[in-house]
Amino acid sequence: MRIPEQGLTAEEIIATLEGYRGGDVPWQSGRAWAYVYDPGEAGMAIGKRAFAMYLTENALDPTAFPSLLRLENEVIGMVADHLDAPEGVVGNFTSGGTESIFLACKVARDHFRERHPGVARPRVILPYTAHAAFEKASWYLDLEAVRVPVDASFRADPDAVRDAVDDRTCLIVGSAPSYAHGVVDPIPALGQVALEKGVPLHVDACVGGFMLPYFRRFGAGFPDFDFSVPGVTSLSVDLHKYAFAPKGASVVLYRDRSWRRHQIYACAGWSGYTIVNTTVQSTKSGGPLAGAWAVLRHIGDAGYETLMRRMYEATRRVCDGIRAIDGLRLLVEPDTNLLAFTSDEVSVFHIVDEMKARNWYVQPQLGFAGSKENIHLSVNPKADGWVEDMLADLRASTEAARQLPSGHAAAFVQQAFAGVDATSLDETTFAQMLGAAGLDGVALPERMAGINEMLDALPPPLRERILIEFLNQLFVPSRGA
Ligand SMILES: *Cc1c(COP(=O)(O)O)cnc(C)c1O
């Protein structure tokens with residue numbers, strides 16, 4: 001596509017964009033059960049207004065825009081107070097969970113390296129259910145991610161973690177809750193291991209940290225998960241998930257200010273303006289920060305309690321409904337509004353496609369380390385008006401999926417790629433694999449069951465190679481015209 005010689009009118013442009021997003025997940029009507037966190041119109045509107053108001057302000061330099069420093073300290077203060085954090089806790093506003101996790105990993109790595117300069121690749125201990133963002137951080141930061149088994153309820157196993165800690169370990173990770181199954185790890189027991197071994201502990205409360213205090217008020221029984229637990233050194237909470245802020249909003253907190261030195265970057269050794277950055281980005285919009293601040297101030301504690309109660313109660317109804325559908329079962333009773341269910345009789349990947357045909361987005365999760373392939377649901381407050389419709393379609397989708405053939409793509413790849421090394425996958429083999437999954441080339445297919453089944457049948461390193469090849473072919477520039 002060429003930049004138009006003469007600029008188009010605002011009306012033309014917006015009409016084109018409206019057309020473009022016609023094929024996206026229809027979240028506005030509450031039909032997306034992942035990716036979107038919707039507090040309803042009023043919460044959305046104030047976030048948008050504040051975001052737009054600060055769109056152009058540059059959070060690169062708090063001396064030029066002191067209001068951004070103030071907003072950041074107030075947002076961190078609101079989160080710290082919400083979690084009853086002890087005096088001395090500090091934190092920063094980041095672009096998302098991934099950035100918060102990167103920073104916490106970097107701080108732990110550099111703290112460790114100061115004391116053990118001879119260790120080239122410090123280790124991070126990750127229960128199998130810890131978020132992929134820690135693997136990604138390890139990839140960027142040259143850390144070794146060490147995965148350890150979880151218990152039958154998909155919660156971290158403190159003994160397995162203890163066994164994995166060695167003299168190269170720079171960080172232990174626990175989740176509150178884990179994304180996939182929505183259960184809270186035993187953080188107090190992990191804190192014990194951390195203290196015993198003298199290793200820091202990061203709590204990944206990205207998805208649920210903001211929600212857990214409310215769910216506890218409603219009677220959910222999970223252990224302490226925050227700085228009240230001895231041994232917890234850092235914690236991440238996303239505001240763009242269940243604090244309902246516009247996207248680009250997360251917080252990373254440290255128990256001790258001295259740790260954060262490893263996070264802050266300064267450069268006075270070049271010919272331009274002095275660089276001092278608390279986070280990864282340098283020039284960055286003030287929009288996400290102002291948006292998050294405004295949403296927290298507007299919804300308020302009572303407003304959040306109402307939204308969270310709707311989620312809490314809708315989740316109970318969803319779980320009961322799933323249990324009542326022939327052929328489906330929950331992988332585990334969730335502590336939160338995030339849940340995973342599967343089937344031992346029907347292909348869950350066909351169920352996902354059938355739900356899509358009925359205009360619902362539900363999220364497929366591949367099998368991994370004792371967690372059978374499944375469907376994930378994140379229950380939004382708005383979902384409370386949709387639970388019965390969704391469950392009726394889920395029942396119909398399960399019956400429809402029962403009639404569909406499955407197993408072909410899995411059998412093919414298992415046979416054809418047994419023993420194939422992930423690093424040897426070339427474009428020809430990749431094309432064959434797509435063919436086996438029922439695709440003729442790289443495109444976004446209407447039905448994904450074939451490709452999901454194929455991926456599910458392969459070991460993770462080969463899955464990853466295929467996904468990388470797929471994306472590398474998917475993102476090609478639209479040139480000319
Ligand atoms: C979403 C999530 C992350 C990653 O956050 P992003 O905002 O997507 O970068 C990390 N941990 C958990 C538990 C999450 O749910």
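None of these values were measured; they are calculated from a predicted model. For the numbers below, each heavy atom of this structure counts, side chains included, while hydrogens, waters and symmetry mates do not. One-based numbering, in listed order, for ligands and for the atoms of each.
A side chain to side chain contact (heavy atoms under 4.5 Å, CB included) with Ser378 is found for one member of Thr315, Leu338, Leu339 and no other, namely Leu338.
Distances from atom 10 (C) of ligand 1 to the heavy atoms of Glu99, His131, Lys136 put His131 nearest. Within the set Asp204, Thr129, Asp238, the minimum heavy-atom distance to atom 11 (N) of ligand 1 is found for Asp204. Considering each of Lys247, His240, Lys241, the one bringing a non-hydrogen atom nearest atom 14 (C) of ligand 1 is Lys241.
Ring pair Tyr304/His82: centre-to-centre distance not below 6.0 Å.
Looking only at distances, a side-chain donor or acceptor of Ser397 sits under 3.5 Å from a matching main-chain atom of Asp393.
Taking every non-hydrogen atom of Tyr179 and a distance limit under 4.0 Å, the qualifying atoms of ligand 1 come out as 15 (O).
With values rounded to the nearest 0.5 angstrom, Ile172 atom CD1 is found 13.5 Å from Arg123 atom CZ.
When only non-hydrogen protein atoms are considered, atom 9 (O) of ligand 1 lies nearest to Thr98 OG1, 2.6 Å.
Between Gly97 and ligand 1, at least one pair of N/O atoms sits closer than 3.5 Å.
Remark: Asp335 engages Arg155 in a salt bridge, criterion side-chain N to carboxylate O under 4.0 Å.
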